[in-house]
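Below: the structure, in structure tokens.
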Amino acid sequence: TDADTIDIVEPPELQVNLTVVDPLCFINGLGSATVDNVVGGTGNITYNWSSGGTAQTENNLTGGNYSVTVSDANSCTVVHNFVITPAAEVNITLNDTLICQGGSADLNAVASGGAGGPYQLTWTENGTVLGNTIVSPTQNTCYQVVATDLDNCPSVSFDLCVDVNDLLNLNLSTQDI
């Protein structure tokens, strides 16, 4: 009897590279990941991200652990686990200030963290940017400050309150001895 020879050709193993981009800023900092350089496999390639996406690139990733499953038409899969590392937060240290009626205060804050300094401090009062950090409120007033780091990443807004004490009233009287 004649024997037929059947050659089974297996497609090359599915291999992928993953490029991860960590967020630049802590506030509104979103990273991304892209499956690039897919080699091997057969037919259409699909992507299933643990965050819910199905495109080759997944955007708007906050800090945390993720995975992507890459599959070919034969249901061969490769799973990549990866981490999006959040950027360091820009912090501000400040102390509330006490002044007497008619006095003034120099608004002062110390920024740290993020990508480092020099930091730019932006002071506001009720949404209006202050041109001067020496203030003379007539009543208790809170000012807001945001620090921006070397990468132009902002901090959250912090409040610095200036409490105004009333002037002392002295009633002097004389008494004969």
Side-chain angles (χ1 to χ4, degrees), residues 1-95 107-130 133 142-161:
T1 65
D2 288 331
D4 291 330
T5 302
I6 299 174
D7 290 326
I8 298 175
V9 178
E10 188 174 325
E13 179 183 3
L14 182 61
Q15 298 177 11
V16 298
N17 289 325
L18 185 67
T19 300
V20 176
V21 178
D22 290 325
L24 181 65
C25 298
F26 182 80
I27 294 182
N28 298 325
L30 299 174
S32 65
T34 300
V35 175
D36 47 29
N37 197 26
V38 176
V39 176
T42 187
N44 291 332
I45 302 296
T46 59
Y47 311 93
N48 287 307
W49 299 88
S50 58
S51 52
T54 57
Q56 188 172 353
T57 297
E58 185 73 345
N59 293 306
N60 301 323
L61 300 174
T62 59
N65 297 316
Y66 297 91
S67 65
V68 59
T69 302
V70 181
S71 304
D72 71 3
N74 288 337
S75 297
C76 295
T77 61
V78 173
V79 177
H80 268 282
N81 296 309
F82 62 98
V83 176
I84 295 289
T85 304
E89 184 174 11
V90 177
N91 292 303
I92 296 177
T93 304
L94 41 78
N95 294 311
L107 303 177
N108 192 1
V110 176
S112 62
Y119 298 94
Q120 178 181 344
L121 299 176
T122 303
W123 291 92
T124 59
E125 180 185 3
N126 297 322
T128 301
V129 175
L130 301 177
T133 60
C142 291
Y143 301 90
Q144 298 72 45
V145 61
V146 172
T148 304
D149 70 9
L150 186 62
D151 284 339
N152 205 31
C153 295
S155 69
V156 295
S157 180
F158 289 84
D159 285 347
L160 183 143
C161 295

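The first residue of the sequence shown is numbered 1, and numbering continues consecutively from there. Predicted model only: the values in this text are computed from it and were never measured. Just the heavy atoms: all of them, side chains too, but no hydrogens, waters or symmetry mates, feed the values below.
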Closest heavy-atom pair, Thr77 versus Ser71, reported as atoms and distance to 0.1 Å, is CG2-OG, 3.1 Å
What one should report as the nearest heavy-atom pair of Leu24 and Ala87 is O-CB, 3.3 Å
One should read off an interatomic distance between Thr128 OG1 and Trp123 CH2, to the nearest 0.5 angstrom, of 15.5 Å
Answer yes or no: are there more than 12 heavy-atom neighbours, outside Asn37 itself, under 6.0 Å from its atom CG? yes
Do Leu30 and Asn59 come within less than 4.5 Å of each other through their side chains, counting heavy atoms only? no
Closest non-hydrogen atoms of Pro23 and Pro86, given as atom of the first, atom of the second and distance, are CG-CA, 4.0 Å
Minimal heavy-atom distance between Asp149 and Ala115, with the atoms involved, is OD2-N, 2.7 Å
Value for CG (Asn74) from CG (Leu14), rounded to nearest 0.5 Å, stands at 10.0 Å
- Query: Does the side chain of Leu18 reach to within under 4.5 Å of the side chain of Val16, using non-hydrogen atoms?
  - Reply: no
The complete set of ring pair (Phe, Tyr, Trp, His ring centres under 6.0 Å) pairs with one or both residues in residues 29-54, sequence neighbours excluded, reads Trp49-Phe82
inquiry  = A side-chain contact here means heavy atoms from C-beta on lying under 4.5 Å apart; do Thr46 and Thr54 qualify?
reply    = no
Per side chain to side chain contact (heavy atoms under 4.5 Å, CB included), Val145 is matched among Thr133, Leu94, Asn108 by Leu94
Minimal heavy-atom distance between Ser50 and Tyr66, with the atoms involved, is OG-CA, 3.4 Å
Worksheet item: Would you say the side chain of Val90 lies within less than 4.5 Å of the side chain of Pro154, judging by non-hydrogen atoms?
Response: no
Is the shortest side-chain heavy-atom distance between Asn81 and Asn65 below 4.5 Å? no
Report task. Check whether any side-chain N or O of Gln56 sits under 3.5 Å from a backbone N or O of Val35 as a donor-acceptor pair, and report yes or no. Result -> yes
In short, Asp72 meets Gly41 closest at the heavy-atom pair OD2-CA, 3.2 Å
The complete set of side-chain hydrogen bond (donor to acceptor under 3.5 Å, both in side chains) pairs with one or both residues in residues 17-34, sequence neighbours excluded, reads Thr19-Asp36, Thr34-Thr57
Here the gap from Ser155 atom OG to Ile27 atom CD1, rounded to the nearest 0.5 Å, amounts to 6.0 Å
- request: Measure from the side-chain N and O atoms of Tyr119 to the backbone N and O of Val110, and report whether any donor-acceptor pair falls under 3.5 Å.
  value: no
Quick one: are Leu107 and Leu130 in side-chain contact, heavy atoms under 4.5 Å? yes
